[in-house]
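Here's the structure, in structure tokens; my notes come after.
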Amino acid sequence: MKVLSMFYGIIIRMEYNPNTVPQIQAEYYDHTATFDLAEGNLISGTMPDDQALFIGAWIDIHHAELMANWKLEKEGEALYQIAPLQ
């Protein structure tokens, strides 16, 4: 899975899967969770509340870039890094 961004100890990754909605995977210490790109909702896994809020805000800010990367990943192209929260 390719790393798109890192912020506040959170690592954001993406891997295209034709059987899922557009999504990212986030890791924070021993927590791993999947978030949908449409609403930034937690799909599966666990994530502390504060970090889940950061991830949701980041998805909202970078939605267009994330969807462009999802398309690139689908086509087997290189992904672009996305700016972290600051």
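Note that the coordinates shown come from a computational prediction; the quantities given were computed from them, not determined experimentally. Values below: all heavy atoms of this structure, side chains included; hydrogens, waters and symmetry mates excluded.
Nearest heavy atoms, Pro84 versus Met6: CB-O, 3.2 Å. For Met47 against Ala26, the heavy-atom pair with the smallest separation is CE-O, 3.5 Å. When all heavy atoms of Leu85 and Phe54 are compared, the pair lying nearest together is CD1-O, 3.4 Å.
Counting only distance, with no hydrogens or angles, the side chain of Gln23 and the backbone of Val21 share a donor-acceptor pair below 3.5 Å. Listed for the His31 side chain is no donor-acceptor partner under 3.5 Å among the backbone atoms of Pro48.
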- Task: Any chance you could lay out the salt bridge (Lys or Arg N to Asp or Glu O under 4.0 Å) test for Glu73 and Lys2, step after step, and finish with the verdict?
- Result: CA-CA 9 Å; Glu73 179 72 1; Lys2 295 156 186 96; 3.2 Å; yes
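Sequence neighbours left out, the pairs with a member in residues 17-41 that pass salt bridge (charged side-chain N to carboxylate O under 4.0 Å, His left out) are Arg13-Glu27. Sorted pairs that involve residues 46-64 and meet salt bridge (charged side-chain N to carboxylate O under 4.0 Å, His left out), not counting sequence neighbours, are lacking altogether.
Enclosure of atom CE in Met67 by more than 12 non-hydrogen atoms of other residues, nucleotides or ligands within 6.0 angstrom is indicated.
In this structure, the separation between CD on Glu65 and CG on Asn69 is 8.0 Å, given to the nearest 0.5 Å. The line from NE2 of His63 to CH2 of Trp58 is 11.5 Å long, rounded to the nearest 0.5 Å. Going from atom CE of Met1 over to atom CD1 of Ile11 covers 12.5 Å, rounded to the nearest 0.5 Å. Note: Trp70 CH2 to Glu75 CD = 13.0 Å, rounded to the nearest 0.5 Å.
Linking ILVMFWY residues whenever their side-chain heavy atoms come closer than 4.5 Å, directly or via other members, leaves Leu53 and Ile12 in distinct clusters. Residues Ile61 and Phe7 share a single hydrophobic cluster, defined by chaining ILVMFWY side chains whose heavy atoms lie under 4.5 Å apart. Under a hydrophobic-cluster definition in which Ile, Leu, Val, Met, Phe, Trp and Tyr are linked whenever side-chain heavy atoms come within less than 4.5 Å, directly or via other members, Leu42 and Leu66 are assigned to the same cluster. In the hydrophobic clustering of this structure, Phe35 groups with Tyr8; members are Ile, Leu, Val, Met, Phe, Trp, Tyr whose side-chain heavy atoms approach within less than 4.5 Å, directly or through other members.
For Tyr28, there are no ring pair (Phe, Tyr, Trp, His ring centres under 6.0 Å) partners, not counting sequence neighbours.
Met14 has its side chain within reach of Leu37: a pair of non-hydrogen atoms, C-beta onward, lies under 4.5 Å apart. You'll find the side chain of Thr32 reaches within 4.5 Å of the side chain of Gln25, heavy atoms only.
Between Ile24 and the choices Ile55, Thr34, Ile82, the side-chain contact (heavy atoms from CB on, under 4.5 Å) rule is met once, by Ile55.
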